[in-house]
A.B. asks: 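The structure under discussion is supplied below as structure tokens; questions concerning it will follow.
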Amino acid sequence: MTEHHHDQRTPEPTTVAAWFVLGVAPTEDVPWWAAQWLADGHDSPALRELAGLNGQDSHTVNDLLPVALAELGTTLPSTTVAAASEAFRQLAEMCLSERAGELWVTQQVDDIVTRADYDNEVTDLPLGQLYGTEDAWQGDGGPPIEELKNTVRACCAAQLRAA
């Protein structure tokens, strides 16, 4: 997620697993998250190694992350749709708790749908239905911004109900 700084909380391992499958996990942040998970009482050899890495070493982070997640008992989503569903759940929670803005959520949805190769099952998910609406935020004769925000929040609520 490109601008995850909207959410200062450490994501759950299940969310990071989904981001990893989608190719959107920010490798520079993974060692910090691993350290946080250790502090929260999770422990494994790969997690300790991951926590000690420099986030700039993306190859090592990407090699070690699935091992650390497996040692924590977190399985990688088996399909792109499952990964997108988990990532969308996280985005919905962030938006509805006002830790992420509606436009940012829309941008993340576009990125995830693109990385999911425009899979119809992904665009059929409640948040997936926002795909392609980012242009409407430019205000060129589209719906008013408040209406767009309400649509995003409604899709977020539907995504959480579906989860």
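Residue numbers start at 1 and run along the sequence shown.
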A.B. asks: Enter the distance from Cys155:SG to Leu125:CG here, rounded to the nearest 0.5 Å.
C.D. replies: 11.0 Å
A.B. asks: Closer than 3.5 angstrom, by distance alone: can the side chain of Glu102 be matched with the main-chain N or O of Leu148 as a donor-acceptor pair?
C.D. replies: no
A.B. asks: Is there a side chain to side chain contact (heavy atoms under 4.5 Å, CB included) between Asn120 and Thr123 once you walk through the steps?
C.D. replies: CA-CA 5 Å; Asn120 287 338; Thr123 56; 4.2 Å; yes
A.B. asks: At their closest point, which heavy atom of Ala35 faces which heavy atom of Ala51, and how far apart are they?
C.D. replies: N-CB, 3.6 Å
A.B. asks: Give the intermediate values and the outcome of side chain to side chain contact (heavy atoms under 4.5 Å, CB included) for residues Arg89 and Thr15.
C.D. replies: CA-CA 9 Å; Arg89 183 197 60 75; Thr15 300; 3.3 Å; yes
A.B. asks: Heavy atoms, side chains only, cut-off 4.5 Å: are His42 and Leu38 in contact?
C.D. replies: no
A.B. asks: Tell me whether Gln159 contacts the main-chain N or O of Leu127 through its side chain, where contact means a donor paired with an acceptor under 3.5 Å.
C.D. replies: yes
A.B. asks: Search all heavy atoms of Ala18 against all heavy atoms of Pro77 and return the closest pair with its distance.
C.D. replies: CA-CG, 3.8 Å
A.B. asks: Aromatic ring centroids of Trp19 and Trp33 under 6.0 Å?
C.D. replies: yes
A.B. asks: If you measure from CH2 on Trp32 to OG1 on Thr10, what distance do you get to the nearest 0.5 Å?
C.D. replies: 7.0 Å
A.B. asks: Does Val24 belong to the same Ile/Leu/Val/Met/Phe/Trp/Tyr cluster as Val61, with side-chain heavy atoms less than 4.5 Å apart forming each link?
C.D. replies: yes
A.B. asks: How long is the straight-line distance from CG of Asp111 back to OH of Tyr131, given to the nearest 0.5 Å?
C.D. replies: 10.5 Å
A.B. asks: Do Cys156 and Leu91 have side chains that get closer than 4.5 Å, going by heavy atoms?
C.D. replies: no
A.B. asks: Drop me the distance from Ile145's CD1 to Gln138's CD, to the nearest 0.5 angstrom.
C.D. replies: 8.0 Å
A.B. asks: In the structure I gave you, are the side-chain heavy atoms of Glu134 and Leu103 within less than 4.5 Å of one another anywhere?
C.D. replies: yes
A.B. asks: Check for me, please, whether Val81 and Ile112 land in the same ILVMFWY cluster - side-chain distances under 4.5 Å, paths through other members count.
C.D. replies: yes
A.B. asks: Any side-chain to backbone donor/acceptor pair from Ser44 onto Leu47? Under 3.5 Å, distance only.
C.D. replies: yes
A.B. asks: Check Arg153 with Glu146, please: is the shortest side-chain N to carboxylate O separation under 4.0 Å?
C.D. replies: yes
A.B. asks: When Leu69 is tested against each of Leu64, Thr74, Leu50, Thr75 for side chain to side chain contact (heavy atoms under 4.5 Å, CB included), which residue passes?
C.D. replies: Thr74
A.B. asks: Give the intermediate values and the outcome of side chain to side chain contact (heavy atoms under 4.5 Å, CB included) for residues Val122 and Phe88.
C.D. replies: CA-CA 10 Å; Val122 174; Phe88 287 170; 4.0 Å; yes
A.B. asks: Minimum heavy-atom separation for Pro143 and Ala136, please, with both atom names.
C.D. replies: CD-CB, 4.3 Å
A.B. asks: Going by heavy atoms in the side chains, are Val109 and Trp104 under 4.5 Å from each other?
C.D. replies: no
A.B. asks: Between the side chain of Thr114 and the main-chain N/O of Asp110, is any donor-acceptor distance below 3.5 Å?
C.D. replies: yes
A.B. asks: One pair to check against side chain to side chain contact (heavy atoms under 4.5 Å, CB included): Thr133 and Leu130. What are the steps and the verdict?
C.D. replies: CA-CA 6 Å; Thr133 63; Leu130 293 173; 4.0 Å; yes
A.B. asks: Checking Asp117 side chain against Asp119 main chain: does a donor-acceptor pair fall under 3.5 Å?
C.D. replies: no
A.B. asks: Membership question, hydrophobic clusters at under 4.5 Å side-chain separation (ILVMFWY): are Val67 and Val21 in the same one?
C.D. replies: no
A.B. asks: Any heavy-atom pair between the side chains of Asn54 and Pro31 that's under 4.5 Å?
C.D. replies: no
A.B. asks: Side chains of Asp43 and Arg48: closer than 4.5 Å at any heavy-atom pair?
C.D. replies: yes
A.B. asks: Measure the CG-CZ distance between Leu96 and Arg99 for me, rounded to the nearest 0.5 Å.
C.D. replies: 10.0 Å
A.B. asks: For the CD atom of Gln90 and the CZ atom of Arg9, what is their distance to the nearest 0.5 Å?
C.D. replies: 9.0 Å
A.B. asks: Any donor and acceptor pair, going by atom type alone, linking the side chain of Asn62 with main-chain N or O of Thr27 inside 3.5 Å?
C.D. replies: no
